[in-house]
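Taking it in order: structure first as structure tokens, then the write-up.
The structure displayed is predicted, hence computed values, not measured ones. Residue numbers start from 1 in every chain, and the chains themselves are labelled A, B, ... in the order their sequence lines are given, proteins ahead of strands.
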2 protein chains.
Amino acid sequence: MKFEGNLGRIVLPACLIRGHCAVCGARETSVCGSLDDRGLDELSALSQPHEAAPGESLYDEGDSADAYFNVTSGTVRVVKLLRDGRRQVLGFAGRGDFLGLAIKGEFVAGAEAVDRVRYCRLPLGPFRALLERRPALQRRLYQIVADDLAAQQDQLLMLGRKTARERVAFFLFKIAARGAKDAVELPMSRLDIADYLGLTIETVSRTFTQLRKAKIVALPKADRIVVLDPPRLEALAEGGSQN
Amino acid sequence: MKFEGNLGRIVLPACLIRGHCAVCGARETSVCGSLDDRGLDELSALSQPHEAAPGESLYDEGDSADAYFNVTSGTVRVVKLLRDGRRQVLGFAGRGDFLGLAIKGEFVAGAEAVDRVRYCRLPLGPFRALLERRPALQRRLYQIVADDLAAQQDQLLMLGRKTARERVAFFLFKIAARGAKDAVELPMSRLDIADYLGLTIETVSRTFTQLRKAKIVALPKADRIVVLDPPRLEALAEGGSQN
DNA sequence: CGTTATCTTGACGTACATCAAATGTCGTGG
DNA sequence: CCACGACATTTGATGTACGTCAAGATAACG
């Protein structure tokens, strides 16, 4: 699916008292947090709110990259494909997360909505102009990219050297850490999880039941987890050799 | 090995007519390329040339991060470890490459000299001050981080979804692309390569001989490769299902 | 309520790991 | 120059964690 298909559909209310950015729920957690009211007005003027249905892509790998993206609600998966269909999910992005940073003229990975997603499209030209005028925003963006780099290095270690059990624990621990609540939603399918962890759906499923039987997590529903023993889950995720 | 052990040993000639940066062989290929003569003088004033013997570490994972590093000659491996000794090599850095970008107060990975390495240490304080005064340098640095991010995403796909044969082809193709010469040196050991590709030394060795027998590469010596059939090597590296 | 997609569980296969030995490479000293 | 030892690499034999193939069990949806 070509990105152009989405361009016309401005769905969110785009004009409010101070512009939509001022009322955006993602403000505190995203780049926008580094901006004052005037900066927020300028951001509102250039950012384009959009919405994507489950499975729809925000952009595809190889599309010419003329914008950054900021997720305001829902979950996005970032994917790379091999010609024969093998797929690697590079990560999941949620509220406040910034997408499209790894560009070399074209996007080097695609972004697809897992569930219903709302996001803002930030055209590169105007956004870069704003960056020039707002050093705080620039520093924040640099920090985000550096953090992404560090997070990806954890993933490289995971994919290169961890067992299936450790990988699943790694995933669940990361997801649970975001939620901070007792029960956490898993909006993505087993296939998405498997492609994120470099495994198959069957192995993911089997490992889930292993962890359930070991009383480390509970899975009241297929898309819901409760971490029963956070220390053991973390130890497993970090490669603790304990079974 | 603690990084502090290296701090005192300033080995390279540190004072020349325009400062050592002006005569540095890595200048064209590194961040320094974005600086004019005055900027180069300032960089010379703050950068600290060092040298490391094979196996010695420039810094370790977990060390408090107070500097960036710029490799001027030799090869560095960037590594992450699991408590039980499992190791993932995140990448190899050579002349002109920038290290220490993925920091969160501490280095999230270590850097070790593969062979004899010369590098410059750029203390964060002065370097960031220079960045403020040199927007071109800042843009260049941002571009480097974004490129690193994209390169790591290729690696995630490799580790998550490629076969041993495709991984080895991926590695050889990348190495050969740098060299651009007929025969390319492999300064790193089979263990380094294996830990980079998420494999064992035995599998790497076996796969080398497979590729040799398939006339895709030649290995006149263990640490030297010649790519005989670049298109096939690339096709393999990209997951082409052809044997 | 059927119908269909998703998830789980089971039986079996395989790519790569592990264990072990042979071969090659290089530095050192006689 | 050659003999020796230490270590890296290659090759071989065997094991196993995870993949593949194939049913069931659940859940989602009209």
I need the [atom1]-[atom2] distance between [X] and [N], as an integer number of Å.
{"X": "B:Arg165", "N": "C:dA15", "atom1": "CZ", "atom2": "C1'", "value": "13 Å"}
{"X": "B:Arg212", "N": "D:dT10", "atom1": "CZ", "atom2": "P", "value": "8 Å"}
{"X": "A:Leu219", "N": "C:dT8", "atom1": "CG", "atom2": "P", "value": "7 Å"}
{"X": "A:Glu166", "N": "D:dA17", "atom1": "CD", "atom2": "P", "value": "12 Å"}
{"X": "A:Arg161", "N": "C:dA17", "atom1": "CZ", "atom2": "C1'", "value": "10 Å"}
{"X": "A:Lys162", "N": "D:dA17", "atom1": "NZ", "atom2": "P", "value": "19 Å"}
{"X": "A:Leu197", "N": "D:dC18", "atom1": "CG", "atom2": "P", "value": "12 Å"}

Picking from [options], which would you name as closest to the side chain of [X]?
{"X": "B:Arg190", "options": "D:dT10, C:dC7, D:dC18", "value": "D:dT10"}
{"X": "A:Leu199", "options": "D:dT9, C:dT8, D:dG19", "value": "D:dG19"}
{"X": "A:Thr200", "options": "D:dT20, C:dT8, C:dA17", "value": "D:dT20"}
{"X": "B:Thr203", "options": "D:dT9, C:dA17, C:dA11", "value": "C:dA17"}
{"X": "A:Glu202", "options": "D:dC21, D:dG12, C:dG10", "value": "D:dC21"}

Side-chain donor/acceptor of [X] to backbone N/O of [Y], under 3.5 Å:
{"X": "A:Arg190", "Y": "A:Ala222", "value": "yes"}
{"X": "A:Asp63", "Y": "A:Asp60", "value": "yes"}
{"X": "A:Thr207", "Y": "A:Thr203", "value": "yes"}

Checklist entry - Hey, does the side chain of B:Thr163 come within less than 4.0 Å of C:dA15's phosphate (OP1/OP2), counting only N and O? => result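 No, B:Thr163 has no side-chain N/O under 4.0 Å of OP1/OP2 on C:dA15.
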Checklist entry - Would the B:Tyr59 and B:Phe69 ring centres measure less than 6.0 Å apart? => result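 Yes; B:Phe69 has its ring centre under 6.0 Å from that of B:Tyr59.
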Pick out the pairs of N or O atoms, protein on one side and nucleotides 23-30 of chain D on the other, that lie under 3.5 Å.
none

Next on the checklist: Tell me if the side-chain of B:Arg206 makes a donor-acceptor pair with the base of C:dT18, cut-off 3.5 Å, by modelled atom types.
Outcome noted: yes
Item to check | Closest non-hydrogen atom pair between A:Lys215 and A:Asp229, with its separation | outcome: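 Looking at all heavy atoms of both residues, the closest pair is O-CB, 4.2 Å.
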Item to check | Candidate pair B:Val76 and B:Leu99, rule side chain to side chain contact (heavy atoms under 4.5 Å, CB included), full reasoning | outcome: CA-CA 9 Å; B:Val76 172; B:Leu99 294 173; 3.8 Å; yes
Checklist outcome for this item: 5'-most contact on DNA chain D (nearest-nucleotide basis), A:Ala164 vs B:Lys213, goes to B:Lys213
Next on the checklist: Tell me whether the rings of B:Phe98 and B:Tyr68 are parallel (<30°), tilted (30 to 60°) or perpendicular (>60°).
Outcome noted: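 Answer is tilted, since the angle falls between 30° and 60°.
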